[in-house]
There are 2 protein chains.
Amino acid sequence: MPKQGTSLTIADLNGDAPCCPPLARGRVPAETAAVLAPAFKALGDPVRLRLMSMIASAEGGEACVCDLTPAFDLTGPTISHHLRTLREAGLVDAERRGTWVYYRARPGILRQLAALLTVEPATGP
Amino acid sequence: MPKQGTSLTIADLNGDAPCCPPLARGRVPAETAAVLAPAFKALGDPVRLRLMSMIASAEGGEACVCDLTPAFDLTGPTISHHLRTLREAGLVDAERRGTWVYYRARPGILRQLAALLTVEPATGP
DNA sequence: TCTCTGATTCGACGGTCGTCGAGACAGGCG
DNA sequence: CGCCTGTCTCGACGACCGTCGAATCAGAGA
């Protein structure tokens, strides 16, 4: 179960716990905002958004850095830096297998963020 | 209809056009990422996330700056700056009525962002 | 063991961000 | 009209961010 009492961390948002009712449903508490905002911030860069998409949509659910890097006009260290940002935001996991490192999306967090942004289909009855 | 050919802007994402298939469905093109990332970036600050929530969940669908400001330990200019950021990201609209200014959420963009983050309920068959 | 390749860390640079105080603008009211 | 209240703009400051090259680490293979 998630820890209680002390400060929340992004790691507690893995499952489908009802931590985050829709943003338009009621005020997001300051503590919750402090936990969620870094995830949106990590998504707030075009390069990271594309990286996230490439990882999440890769077949097998994972992508190798060696496949990610050549898709951008950026140096290896820069891509590595962006991947670290995504990892520290709790959006992806990394695993080394031999020479290569594979990144994998964390669907739980993505679901939480999507749920937070969910809006009723229409304002009608 | 949305303009075509030239560069896309956030204003073209108002309706429910299928501009944004889920992130995990396929690679987000660089152009799309450049348009969407600023919206996530705007949500990437705890103060703005709370402001967005307060506006979206306000009764009547709108919130007055005079009700927003006292909820934070920040000066008026700072709150105004954050509201401007949300406005320039296309997330809210502002309207002046007499002395007061009211902010209102734009559900279309919120829906697009939520759709982008949507993940299948499970990896099952 | 040595070397080679893939990935990360480190240090540095210019640019942007969040915050503030001071001042300007807008509208209501005496 | 003048004043007051609410909101925004402007300039400034320290902190953080995106990018790079150089150096370092981790494995694989000769």
Side-chain angles (χ1 to χ4, degrees), chain A residues 10 28 30 33-55 58 62-104, chain B residues 10 28 30 33-55 58 62-104:
Chain A
I10 194 74
V28 172
V35 174
L36 263 359
F40 284 117
K41 188 173 181 180
L43 258 14
D45 180 277
V47 173
R48 288 194 293 265
L49 199 52
R50 289 171 64 196
L51 281 171
M52 193 67 214
S53 157
M54 293 170 74
I55 295 169
E62 62 183 15
C64 173
V65 175
C66 59
D67 292 329
L68 263 16
T69 304
F72 300 86
D73 272 343
L74 294 170
T75 65
T78 298
I79 296 297
S80 189
H81 160 73
H82 283 306
L83 288 170
R84 179 218 272 267
T85 302
L86 288 174
R87 195 163 10 110
E88 288 177 345
L91 292 166
V92 300
D93 271 330
E95 183 193 354
R96 171 165 223 126
R97 283 207 300 278
T99 304
W100 295 279
V101 176
Y102 295 86
Y103 280 78
R104 178 178 293 272
Chain B
I10 193 75
V28 172
V35 174
L36 263 359
F40 284 118
K41 189 173 181 179
L43 258 13
D45 180 276
V47 173
R48 287 194 294 265
L49 199 52
R50 289 172 63 196
L51 280 171
M52 192 69 213
S53 156
M54 292 170 75
I55 295 168
E62 61 183 15
C64 172
V65 176
C66 59
D67 291 330
L68 264 16
T69 304
F72 300 86
D73 272 343
L74 294 170
T75 65
T78 298
I79 297 298
S80 190
H81 159 73
H82 284 305
L83 289 171
R84 179 218 272 266
T85 301
L86 289 174
R87 194 163 12 110
E88 288 176 345
L91 292 166
V92 300
D93 271 330
E95 182 193 356
R96 172 165 220 126
R97 282 206 302 277
T99 304
W100 295 279
V101 176
Y102 295 87
Y103 282 78
R104 179 177 292 272

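Every chain is numbered from 1, with letters handed out A, B, ... down the list of sequences. FYI, side chains are in, hydrogens and waters are out, and symmetry mates aren't considered; it's all heavy atoms of this structure.
Proximity note for B:W100 (side chain, C-beta onward) versus D:dC20, C:dC20, D:dT7: the nearest is D:dT7. The nucleotide whose nearest atom lies closest to any side-chain atom of A:T99 is, among D:dG6, D:dT9, D:dA28, D:dA28. Side chain of A:C64, nearest nucleotide from C:dA7, C:dA22, D:dA22: C:dA7.
Here B:F72 lies out of heavy-atom contact (under 4.0 Å) with every strand. Backbone-only engagement by B:G98 is indicated by non-hydrogen atom pairs under 4.0 Å involving sugar-phosphate atoms exclusively.
Atom CD1 of residue A:I79 and atom CG of residue A:L74 lie 5.0 Å apart, to the nearest 0.5 angstrom. Atom-to-atom distance recorded for B:C64:SG and B:Y102:OH is 5.0 Å, nearest 0.5 angstrom. A:T99 OG1 to A:R96 CZ: the interatomic distance, rounded to the nearest 0.5 Å, is 7.5 Å.
Taking atom CG of A:L86 as the reference point, atom P of C:dT8 lies 12 Å away to the nearest angstrom. The CD-C1' distance, from B:E95 to C:dG27, rounds to 15 Å in whole Å. To the nearest angstrom, C1' of D:dT7 lies 12 Å from CD1 of B:I79. In this structure, the CG atom of A:L83 is 16 Å from the P atom of C:dG6, given to the nearest Å.
Residues A:L83 and A:I55 are in side-chain contact: their nearest non-hydrogen atoms beyond the backbone lie under 4.5 Å apart.
Each side-chain hydrogen bond (donor to acceptor under 3.5 Å, both in side chains) pair with one or both residues in residues 42-53 of chain A, not counting sequence neighbours, appears once here: A:R48-A:H82.
Considering only side-chain N and O atoms, B:S80 lies under 4.0 angstrom from the phosphate OP1 or OP2 of D:dC8. Checking the phosphate oxygens (OP1, OP2) of D:dT9, a side-chain nitrogen or oxygen of B:R84 falls inside 4.0 Å. The shortest distance between the side-chain N/O atoms of B:T75 and the OP1/OP2 oxygens of C:dC20 is below 4.0 Å. Contact between the side-chain N/O atoms of B:Y103 and the OP1/OP2 oxygens of D:dC8 is found at a separation under 4.0 Å.
For the side chain to side chain contact (heavy atoms under 4.5 Å, CB included) with B:Y103, the lone residue among B:R87, B:E62, B:M52 that qualifies is B:R87.
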N/O contacts under 3.5 Å, protein versus nucleotides 11-18 of chain D?
residue: D:dC17; atom: OP1; partner: A:K41; partner atom: NZ; Å: 3.2
residue: D:dG18; atom: OP1; partner: A:R48; partner atom: NH1; Å: 3.3
residue: D:dG18; atom: OP1; partner: A:R48; partner atom: NH2; Å: 2.9
residue: D:dG18; atom: OP2; partner: A:R48; partner atom: NH1; Å: 3.2

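Between A:R97 and B:T69, the one whose closest nucleotide on DNA chain D sits nearer the 5' end is B:T69.
At distances below 3.5 Å, at least one donor-acceptor pair connects side-chain atoms of A:T69 with backbone N or O atoms of A:V65.
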